[in-house]
Amino acid sequence: VDDPLARAEAIAGAEVVESALLAWADSDQLVAQTGLLLRRSLPAKVLESLSFSSHAGIQRRALERHELSTDELLGWSQAEQPTVRALMAERAGLPPAIQQLLAQDVAADVRQTLAGNADLHEGVALRLAQDADPAVQTALVLNPRLPESAVAALCASTSRVVRKLVASRPDLTDEQVAILLGDGDEEVGYHLASNEAAEPELPAALAAKWAGHRLPSLRALAALSPALSAELAQRLARDPAPMVRRNVAWSPNLPEAWLTRLTTDPDALVAQRARTAQAQRRTVAVATPEPTPEPASSPGFLRRLLDRIVGEGKGVE
């Protein structure tokens with residue numbers, strides 16, 4: 001058949017013995033090998049032959065379909081072509097020993113690909129978290145199944161871009177948030193403020209600094225600080241941004257008179273939060289102390305519950 005497309009289709013549908021399929025695979029002809037890969041299933045020997053094709057696309061597709069043994073994985077992970085090593089780096093269920101080998105690869109693209117592997121071993125993830133190439137750390141922080149220890153390591157990255165990406169993760173612990181806030185980076189703080197899953201608690205000095213920041217989101221973050229002074233709490237209760245007043249309504253350091261003012265705030269959610277906080281204060285004042293505090297008394301819990309019931313309504317300021 002002279003038409004390459006027709007020949008590939010003929011090979012794809014031909015009813016032939018395995019030896020014929022193997023002969024086409026060994027021919028290293030692009031059309032014949034393309035036709036073979038169009039077949040729904042291929043014998044292991046045929047896929048093995050196609051894996052050594054001189055045509056990069058054929059080789060990649062064959063390796064993707066080929067069930068490789070540990071020894072074969074090790075061999076291909078040391079292949080001369082970085083593209084082949086990168087292909088190994090993205091395979092699911094890659095043994096830790098091979099991951100360790102690829103984590104030391106001279107090609108950053110290989111290490112970057114490995115960093116995005118959902119089955120990344122914890123020790124390998126920690127090694128990649130120290131990689132000198134920011135692109136590798138960036139790929140790592142975007143891995144949704146990253147071990148907690150690696151996330152903590154990335155919180156201390158020298159790359160602001162990486163720390164900003166970490167600050168946007170939905171699974172941050174209080175300890176990780178504290179590390180991210182350690183140097184008071186405003187851009188990292190902005191991403192933490194935008195992360196609805198995080199509840200950062202700023203230390204007193206940082207809360208005082210950000211209480212007067214030009215960005216409402218950082219003032220709102222300062223308003224959540226348990227170290228907020230009464231004076232700063234009053235100032236934030238007068239803030240023009242509703243998002244700031246909403247947060248400071250939860251502050252235990254906000255004087256009662258100012259909390260009462262917020263119960264009639266023009267913003268419905270501010271007013272609702274203030275009324276809830278006021279009711280909570282009264283309940284605590286008359287309640288008999290319990291050895292174990294009720295989870296529902298947590299401002300963070302109440303804030304999340306109220307937000308679900310009332311909704312932000314007016315959007316993000």
Side-chain angles (χ1 to χ4, degrees), residues 37 41-42 44 47-48 50-53 55-173 175-177 179-180 188 191-192 195 197-198:
L37 288 173
S41 62
L42 287 169
L47 283 172
E48 182 180 6
L50 291 173
S51 297
F52 289 94
S53 173
H55 307 288
I58 297 294
Q59 183 183 48
R60 179 181 180 86
R61 290 172 60 195
L63 285 170
E64 288 173 345
R65 292 177 59 175
H66 193 18
E67 190 73 28
L68 298 175
S69 66
T70 301
D71 287 344
E72 287 174 319
L73 285 170
L74 179 60
W76 286 113
S77 296
Q78 300 175 84
E80 183 177 350
Q81 305 92 332
T83 52
V84 175
R85 302 198 302 272
L87 183 62
M88 295 300 105
E90 68 182 20
R91 289 183 77 98
L94 199 62
I98 297 178
Q99 291 187 25
Q100 288 282 5
L101 173 67
L102 293 169
Q104 304 172 57
D105 200 284
V106 295
D109 286 349
V110 175
R111 305 195 307 275
Q112 185 176 346
T113 301
L114 179 65
N117 193 313
D119 294 327
L120 203 57
H121 186 265
E122 183 175 11
V124 177
L126 284 171
R127 182 186 184 94
L128 292 173
Q130 304 300 324
D131 199 285
D133 193 321
V136 175
Q137 291 190 3
T138 299
L140 189 66
V141 76
L142 294 175
N143 188 328
R145 294 176 58 184
L146 196 60
E148 188 173 307
S149 57
V151 176
L154 289 171
C155 288
S157 171
T158 57
S159 168
R160 170 184 278 176
V161 172
V162 171
R163 297 199 311 276
K164 282 162 44 175
L165 288 171
V166 177
S168 300
R169 289 182 65 96
D171 54 355
L172 293 176
T173 65
E175 292 76 11
Q176 292 162 359
V177 170
I179 296 173
L180 287 169
V188 175
H191 281 73
L192 279 172
N195 187 346

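Residue numbers run from 1 in the order of the sequence given.
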What is the distance from atom [atom1] of [X] to atom [atom2] of [Y], rounded to the nearest 0.5 Å?
X      : Y      : atom1 : atom2 : value
Leu128 : Gln99  : CG    : CD    : 9.0 Å
Leu73  : Glu67  : CG    : CD    : 9.0 Å
Ser77  : Leu114 : OG    : CG    : 9.5 Å
Glu64  : Leu37  : CD    : CG    : 10.0 Å
Thr113 : Glu90  : OG1   : CD    : 6.5 Å
Leu63  : Ser53  : CG    : OG    : 10.0 Å

Closest contact, heavy atoms only, [X] versus [Y]:
X      : Y      : answer
Val106 : Arg111 : O-NH1, 3.6 Å
Ala167 : Leu180 : CA-CD1, 3.9 Å
Arg85  : Trp76  : CG-O, 4.0 Å
Asn143 : Gly116 : ND2-C, 3.6 Å
His191 : Ser168 : CD2-OG, 3.4 Å
Leu47  : Arg65  : CD1-O, 3.9 Å

Any heavy-atom pair between the side chains of [Y] and [X] that's under 4.5 Å?
X      : Y      : value
Gln176 : Val166 : no
Leu146 : Leu154 : yes
Gln112 : Thr138 : no
Leu140 : Asp131 : no
Leu68  : Met88  : yes
Leu102 : Leu94  : yes

Exercise for the section: Go through the steps to decide whether Leu192 and Leu172 satisfy the test side chain to side chain contact (heavy atoms under 4.5 Å, CB included), and finish with yes or no. Expected result: CA-CA 10 Å; Leu192 279 172; Leu172 293 176; 3.9 Å; yes
When you measure from the side chain of [X] to the backbone of [Y], do you find a donor-acceptor pair of N or O atoms at a distance under 3.5 Å?
X      : Y      : answer
Asp109 : Thr83  : no
Gln59  : Phe52  : no
His121 : Gly123 : yes
Glu122 : Ser149 : no

Exercise for the section: List the steps and the verdict of side chain to side chain contact (heavy atoms under 4.5 Å, CB included) for Val177 and Asn195. Expected result: CA-CA 11 Å; Val177 170; Asn195 187 346; over 6 Å; no
Practice task
Evaluate whether atom CD of Gln104 has more than 12 neighbouring non-hydrogen atoms of other residues, nucleotides or ligands under 6.0 angstrom away.
Solution key: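 Counting neighbours around CD of Gln104, more than 12 heavy atoms of other residues, nucleotides or ligands fall under 6.0 Å, so yes.
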Practice task
Check whether more than 12 heavy atoms from other residues, nucleotides or ligands sit under 6.0 Å from atom CD of Gln100, and answer yes or no.
Solution key: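 Above 12, so yes.
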Practice task
Look at Arg145 together with Asp119 and state whether they make a salt bridge at an N to O cut-off of under 4.0 Å.
Solution key: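 Result for this pair is yes, salt bridge flagged.
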